[in-house]
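Below: the structure, in C-alpha cells.
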Amino acid sequence: QVQVAESGGGLVQAGGSLRLSCAASGRTSGETVVGWFRQVPGKEREFVSGISRSGQTYYADSVKGRFTISRDNSKTTVSLQMNSLKPDDSAVYYCASTPRTAFFATRDYVTSQTSYVTWGQGTQVTVSS
C-alpha cells in the first residue's frame, strides 16, 4: 500500500503563493490517483485537486485557475502549486492516495473521498488578509 506525506505548508499573505508536496512511497506509488483535500475546524473535509495515472487533472471550482497539480517524472511526488491565495484557502491540507487504479480515472472517482485509502498527516496553510 502506498504511503504519503505532505510538506510545504506555512503562513502567507493574501495574493501570495505556496507549493505543497506529497511524497509517495510504496511498490505501486506511480500507479494510483493522488488527491489533495482540505479541512477547516467545524467543516467537512473537501476536495481540492487530484491527478490520475494518465495525468488528467481535476480541480474544485473554488481553486480552478489558481491552483495547479502536477506529478514528477518519477511519479513519486505530486505537487500543488497555489497562487493568488485567499484567506478562505486557509485550512489543513491533506494528501491522499487511492489503491492501484486503471490508467484513466473519472472525475467522480478522483473527487470522492471514499476512493482514497491512504492519508497523510496534513499540513497547515494560513493565508492572512
Side-chain angles (χ1 to χ4, degrees):
Q1 184 162 295
V2 173
Q3 303 298 316
V4 294
E6 311 93 341
S7 62
L11 173 65
V12 65
Q13 287 189 332
S17 299
L18 280 175
R19 187 176 183 89
L20 305 183
S21 293
C22 175
S25 61
R27 188 169 58 87
T28 59
S29 60
E31 300 175 0
T32 70
V33 171
V34 174
W36 285 96
F37 295 78
R38 66 187 182 187
Q39 188 171 25
V40 297
K43 291 190 176 181
E44 293 188 355
R45 189 163 52 190
E46 65 176 4
F47 171 79
V48 175
S49 182
I51 186 166
S52 71
R53 288 181 60 188
S54 67
Q56 182 66 35
T57 57
Y58 300 90
Y59 299 94
D61 288 343
S62 59
V63 306
K64 201 172 295 183
R66 299 187 298 121
F67 290 11
T68 302
I69 191 171
S70 61
R71 196 195 297 254
D72 71 355
N73 289 335
S74 70
K75 311 258 185 233
T76 59
T77 300
V78 171
S79 299
L80 185 68
Q81 178 66 40
M82 305 186 295
N83 299 328
S84 302
L85 283 162
K86 306 174 182 179
D88 284 349
D89 293 319
S90 297
V92 176
Y93 283 70
Y94 297 91
C95 171
S97 174
T98 66
R100 186 177 183 272
T101 67
F103 193 65
F104 298 101
T106 66
R107 180 176 179 84
D108 284 347
Y109 182 82
V110 174
T111 61
S112 174
Q113 294 187 47
T114 59
S115 300
Y116 297 84
V117 296
T118 303
W119 294 80
Q121 294 297 309
T123 185
Q124 177 70 48
V125 171
T126 303
V127 184
S128 63
S129 57

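Residue numbers start at 1 and run along the sequence shown.
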Q: Check Y59 against T68 and note the closest heavy-atom contact, atom names and distance.
A: OH-CA, 3.3 Å

Q. What are the two closest heavy atoms between A24 and V2, and how far apart are they?
A. CB-CG1, 3.9 Å

(Q) Taking K86 first and then D89, would you say they form a salt bridge - that is, a charged N and a carboxylate O separated by under 4.0 Å? (A) no

Q | Connected via hydrophobic side-chain network under 4.5 Å: V34 and L18 | A | yes

Q.
Under a 3.5 Å distance rule, please check whether Y116 uses its side chain to pair with a backbone N or O of V110 as donor and acceptor.
A. yes

**Q.** Heavy-atom pair of closest approach, residues A91 and R38
**A.** CB-CB, 3.8 Å

Q: Indicate yes or no: at least one non-hydrogen side-chain atom of Q113 is less than 4.5 angstrom from one of F37.
A: yes

Q. Do I51 and L20 share a hydrophobic cluster, counting only Ile, Leu, Val, Met, Phe, Trp and Tyr and linking them when any side-chain heavy atoms are less than 4.5 Å apart?
A. yes

Q) Does the pair L80 and S49 meet the rule for a side-chain contact (heavy atoms from CB on, under 4.5 Å), with working shown? A) CA-CA 8 Å; L80 185 68; S49 182; 4.0 Å; yes

**Q.** Reported CE-to-CZ distance for the pair M82 and R66, which is rounded to 0.5 angstrom
**A.** 9.5 Å

Q. Is the backbone of A5 close enough, under 3.5 Å, to the side chain of Q121 for a donor and an acceptor to pair up by distance?
A. no

Q.
Count I, L, V, M, F, W, Y as connected when their side-chain heavy atoms are under 4.5 Å apart, and connections chain through other members. Are V4 and W36 then in the same cluster?
A. no

Q.
Please report the interatomic distance CD(Q81) to OG(S21), rounded to the nearest 0.5 Å.
A. 9.5 Å

(Q) On a heavy-atom basis, which atom in G9 and which in V125 lie closest, and how many Å separate them? (A) CA-CG2, 4.2 Å

Q: Mind checking side-chain contact (heavy atoms from CB on, under 4.5 Å) for V92 and listing every partner two or more places apart, or none if nothing turns up?
A: Y94, Q124

Q) If you look at every heavy atom in S17 and N83, which pair is closest and at what distance? A) OG-OD1, 2.9 Å

Q. Rounded to the nearest 0.5 Å, how far does OG of S79 lie from CZ of R19?
A. 4.0 Å

Q.
Distance check, rounded to the nearest 0.5 Å: Y93 atom OH versus Q39 atom CD?
A. 12.0 Å

Q) How close do A14 and P87 get, heavy atom to heavy atom, and via which atoms? A) CB-CD, 4.1 Å

Q) From I69 CD1 over to T57 OG1, what is the distance, rounded to the nearest 0.5 angstrom? A) 7.5 Å

Q: Output the distance between atom CD (Q13) and atom OG1 (T126), rounded to the nearest 0.5 Å.
A: 13.0 Å

Q: Mark yes when over 12 heavy atoms from residues, nucleotides or ligands other than K43 sit less than 6.0 Å from its NZ; otherwise mark no.
A: no

Q: Report yes if the side chains of T32 and T118 come closer than 4.5 Å at any heavy-atom pair, otherwise no.
A: no

Q) Are F47 and Y58 an aromatic pair by the rule of ring centers under 6.0 Å? A) no

Q) What pairs of residues pass the side-chain hydrogen bond (donor to acceptor under 3.5 Å, both in side chains) test when at least one of them lies in residues 98-111, not counting sequence neighbours? A) E31-R100

